[in-house]
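These notes are about the structure you will find just below.
Numbering of ligands and ligand atoms starts at 1, following listing order.
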Amino acid sequence: MAFDVTKVRAAYPALADGYAYLDGAAGTQLPESVIDAISGAQRAGLGNSGGAFPASSRSDLITAECRAAVADLAGGTSAGVILGPSMTTLTFRLANALAAGWGPADEVVVTRLDHDANVRPWVLAAASAGATIRWAEVDLPAGELPAGQFAELVSGRTRLVAVTAASNVIGTRPDVAAITAIARAAGALSYVDGVHATPHGPTDMRALGADFYATSAYKWSGPHIGAVVADPALLESIRPDKVAPAPDAVPDRFEQGTLPFADLAGVTAAVDHLAGLADAASGTRRERLLAAMAAAQEHEEQLAGVLLGGLAAMPHVTMYGHARDRTATAYFTVAGRTPRQVAEHLAARRINVWDGDNYAWELTGALGIRDAGSAVRAGLVHYNDREDVDRLLAAVAELGGRD
Ligand SMILES: Cc1ncc(COP(=O)(O)O)c(C=O)c1O
C-alpha cells in the first residue's frame with residue numbers, strides 16, 4: 001500500500017510553517033478537508049437538535065454521520081458512540097454512572113501505565129462507592145505491562161478493568177486482548193483507553209475485547225472531541241445523570257447538553273481523511289481505514305527505528321521504556337538539562353516537543369522522574385517525515401558534552 005508522506009503533508013496547512021511537529025501525541029494539526037468541513041457546516045447554517053426546520057435536520061445528520069465515522073474507525077457500532085468534549089469528561093461521566101452500582105464488596109483494577117484520565121475517574125468513583133482499587137504494575141525499565149498479573153488482580157469481586165491500548169509517553173502497547181479476556185471471564189467490564197493508540201495503527205475494539213473504547217479526535221487530525229464506543233445494549237443498562245427533558249435514548253442520554261455540531265462534521269472529515277491516507281481506492285470506509293492505518297503504522301515504525309535508535313546511541317540521553325510492541329513515541333532526558341530546558345533548546349530550532357509528565361502521573365512517579373520535571377516526549381504521527389526526525393536528532397546531539 002503506497003504511503004506518500006509528501007502528499008500527506010501537503011494536506012496540512014499548518015505544517016508549512018517550518019516547524020517539526022513532534023508534539024502530535026498531545027494533539028495533531030488539521031488537514032484542509034477537516035477545516036473546510038467545520039467552517040462549511042457553520043456556513044450552511046446549523047440549528048439545535050430535533051427541530052422541524054432544515055438547519056436542525058442538518059445538525060442531526062452531522063451527528064449521525066459522526067457516530068458512523070467513529071464507529072468505522074474503532075470497529076464498533078454507531079448506535080453505541082457517545083460524543084463529548086473530551087475523553088476525560090466522558091470517562092468521569094461513565095465512571096460516576098457505573099459506580100452508582102458499586103459497593104464496598106467490589107473492586108476496580110487500574111494500571112500505572114495509563115494516562116491519568118483512565119485512572120483518577122475510576123479511583124475517585126471507587127472511593128465514593130466504598131469499592132477497592134487494585135493496581136497493575138509496570139515492569140521497569142522495560143515499560144511492559146505484564147498481562148499475567150491481571151489473573152491475580154481480577155476476581156469475582158472485580159467490576160471493571162481500566163487499561164490503556166498504548167502509553168502516551170513510552171508507547172507501550174499492552175496485550176489488551178489478554179487482559180480483557182481475564183476481565184470478561186470474571187464477569188468484569190473493560191474500559192480501554194485508545195486515545196494514544198488510535199492514531200498509530202488499525203483499531204478493532206472487538207478484537208481488543210473492549211466493552212468501552214475511548215478515543216479523542218484531536219489526536220487523529222480532528223477537532224477537540226472525545227468519544228466512547230460501546231455495545232448499545234451495554235449502554236442501555238447504565239443510567240448516567242441527565243436533565244429531565246433530555247433524550248433518554250442510547251447513546252444520547254450520555255451526552256449532557258448540546259453537542260458542538262460543526263466540530264462533529266470535522267470529526268467525520270478526519271475519519272475520511274485517515275481512510276484516504278494510503279491509495280486504497282476501493283472497499284468500505286472501514287476496510288479503507290484498516291488498510292490506510294496499517295500503511296501509516298508502517299511509515300511511523302520506519303521513522304521510529306531512526307528516532308529511537310538515534311536517541312539511544314547518544315551517551316548524554318536516557319531513554320524510558322523499550323517495550324516489544326510500542327508506538328512511535330520517544331520519552332527521554334538529557335544529562336545536565338531539565339526537560340523544559342531541552343524543550344526550549346528544541347523550540348529555538350523550530351522543533352515542537354512536550355516536556356513533563358504528560359499526565360502519565362503514576363508511570364512518571366514509578367520511574368522516579370516526576371519531581372524532576374519528568375522527561376521530554378517526541379512523538380511521531382503519520383505526517384512526520386525523515387527531515388523532522390533528523391532535525392530532532394541533530395538538535396539533541398548538540399546538547400552532548402557541553403557540561
Ligand atoms: C492516552 C491518553 N488518554 C487520555 C487522554 C485524555 O484525552 P482528552 O484530552 O480527550 O481528555 C490523553 C490526552 O493526552 C491521552 O494521551
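- The protein atom (non-hydrogen) at minimum distance from atom 15 (C) of ligand 1 is H115 CD2, 3.2 Å.
- Polar contact check, A25 against ligand 1: no nitrogen or oxygen pair lies under 3.5 Å apart.
- Heavy-atom proximity to H196, at under 4.0 Å, picks out these atoms of ligand 1: 1 (C).
- Annotation for ligand 1: atoms under 4.0 Å from non-hydrogen atoms of K219 are 13 (C), 14 (O), 16 (O).
- Aromatic ring orientation, H382 versus F3: perpendicular (interplanar angle above 60°, classes split at 30° and 60°).
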- Message: Checking Y12 against H273 for the ring-ring contact (aromatic ring centres under 6.0 Å, His included) test, could you report, in this order, the C-alpha distance in whole Å, the side-chain angles of both residues, the deciding distance, and whether it holds?
- Response: CA-CA 11 Å; Y12 289 81; H273 167 79; 5.2 Å; yes
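- Side chains of T164 and H196: no donor on one and acceptor on the other come within 3.5 Å.
- Looking from atom 9 (O) of ligand 1 to the surrounding protein, the closest heavy atom is Y218 OH, 2.5 Å.
- Interface atoms of ligand 1 facing M87, defined by a heavy-atom separation under 4.0 Å, are 4 (C), 7 (O), 8 (P), 10 (O), 11 (O).
- The neighbour count for W122 CH2, taken as heavy atoms of other residues, nucleotides or ligands under 6.0 Å away, is above 12.
- Rounding to the nearest 0.5 Å places OG1 of T172 at 7.0 Å from CZ of R326.
- Using a 4.5 Å cut-off on side-chain heavy atoms (C-beta onward), L22 and I351 make contact.
- Considering only heavy atoms from C-beta on, S49 stays 4.5 Å or farther from L259 through its side chain.
- The closest approach between any non-hydrogen atom of D193 and ligand 1 is below 4.0 Å.
- Listed by number with element, the atoms of ligand 1 under 4.0 Å from a non-hydrogen atom of S216 are 7 (O), 8 (P), 10 (O).
- In terms of protein heavy atoms, atom 11 (O) of ligand 1 is closest to T88 OG1, 2.5 Å.
- Annotation for ligand 1: atoms under 4.0 Å from non-hydrogen atoms of N168 are 1 (C), 16 (O).
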